[in-house]
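Have a look at the structure below before the remarks.
Residue numbers run from 1 in the order of the sequence given. On a predicted model such as this, the values are computed, not experimentally measured, just so you know.
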Amino acid sequence: MLAAGYGTLKAQWGLGGTVGLDDPHAFGEVHLWSPGMGDTALLALIGMALGLGFARTWRPPLRMPRWMPLTAAFVGCVMLVPVGILGVGYRIATLLGVAQASMEGVSLWVFDVIYALFLAWGLAMGLAATGYHYRTRGVCRSCGGGRPAFA
């Protein structure tokens, strides 16, 4: 659900919506196919599907190698967690008066919510991927540890 809000916000901006904008003309001639709008909304959908796949205990419908979703989760975590930390830290710095806020027409609540969601989403994806890794690992050939994957 963390990705749904972000994807919806970006898609509505790409379609000309003004929710979350102080200046309705902040993005000018931005469309859904503009860089940073539709593509990030699509990535949010992929992240939602990946998160649901990790969180559920059903057997994967596709015979997909484990490394594929785990790699996608790793890339997602590496992208989301640092951006979330920097965004939340920057917002705290602006609240303390150490930095100057420059949002260029975007409402401050959007900045507060989105970067906190990035941090939570990245951490949740990492935890879900770790659980998926332990649920789907096979038995170690050298020591016999682990458990059979999807017996």
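- Hydrophobic clustering of Ile, Leu, Val, Met, Phe, Trp and Tyr side chains at less than 4.5 Å, counting indirect connections, unites L108 with L117.
- When each of D22, D112, V19 is tested with S107 by the rule side chain to side chain contact (heavy atoms under 4.5 Å, CB included), just one qualifies, namely D22.
- When all heavy atoms of P82 and C77 are compared, the pair lying nearest together is CD-O, 3.7 Å.
- Annotation: the span from L21 atom CG to Q12 atom CD amounts to 7.0 Å, rounded to 0.5 Å.
- Residues G84 and F118 share a closest heavy-atom pair of CA-CB, 4.0 Å.
- How far CG of L123 is from CG of L80: 9.5 Å, rounded to the nearest 0.5 Å.
- The aromatic rings of Y6 and W121 sit tilted, their planes meeting at an angle between 30° and 60°.
- Closest non-hydrogen pair, M125 versus G76, comes out as SD-CA, 4.2 Å.
- Among residues two or more places apart in sequence or in another chain, the side-chain contact (heavy atoms from CB on, under 4.5 Å) test is passed with D23 by H25, A26.
- Not counting sequence neighbours, T18 has no partner by the side-chain hydrogen bond (donor to acceptor under 3.5 Å, both in side chains) test.
- Annotation: the span from L43 atom CG to L50 atom CG amounts to 11.5 Å, rounded to 0.5 Å.
- Heavy atoms only, all atoms of each residue included: Y90 and Q100 are closest at OH-O, 2.5 Å.
- Note that the CD1 atom of I114 and the CH2 atom of W109 stand 7.5 Å from one another [nearest 0.5 Å].
- Using a distance-only test at 3.5 Å, with no hydrogens or angles considered, a donor-acceptor pair links the side chain of R66 to the main chain of H133.
- Going from atom CZ of R135 over to atom OG1 of T130 covers 10.5 Å, rounded to the nearest 0.5 Å.
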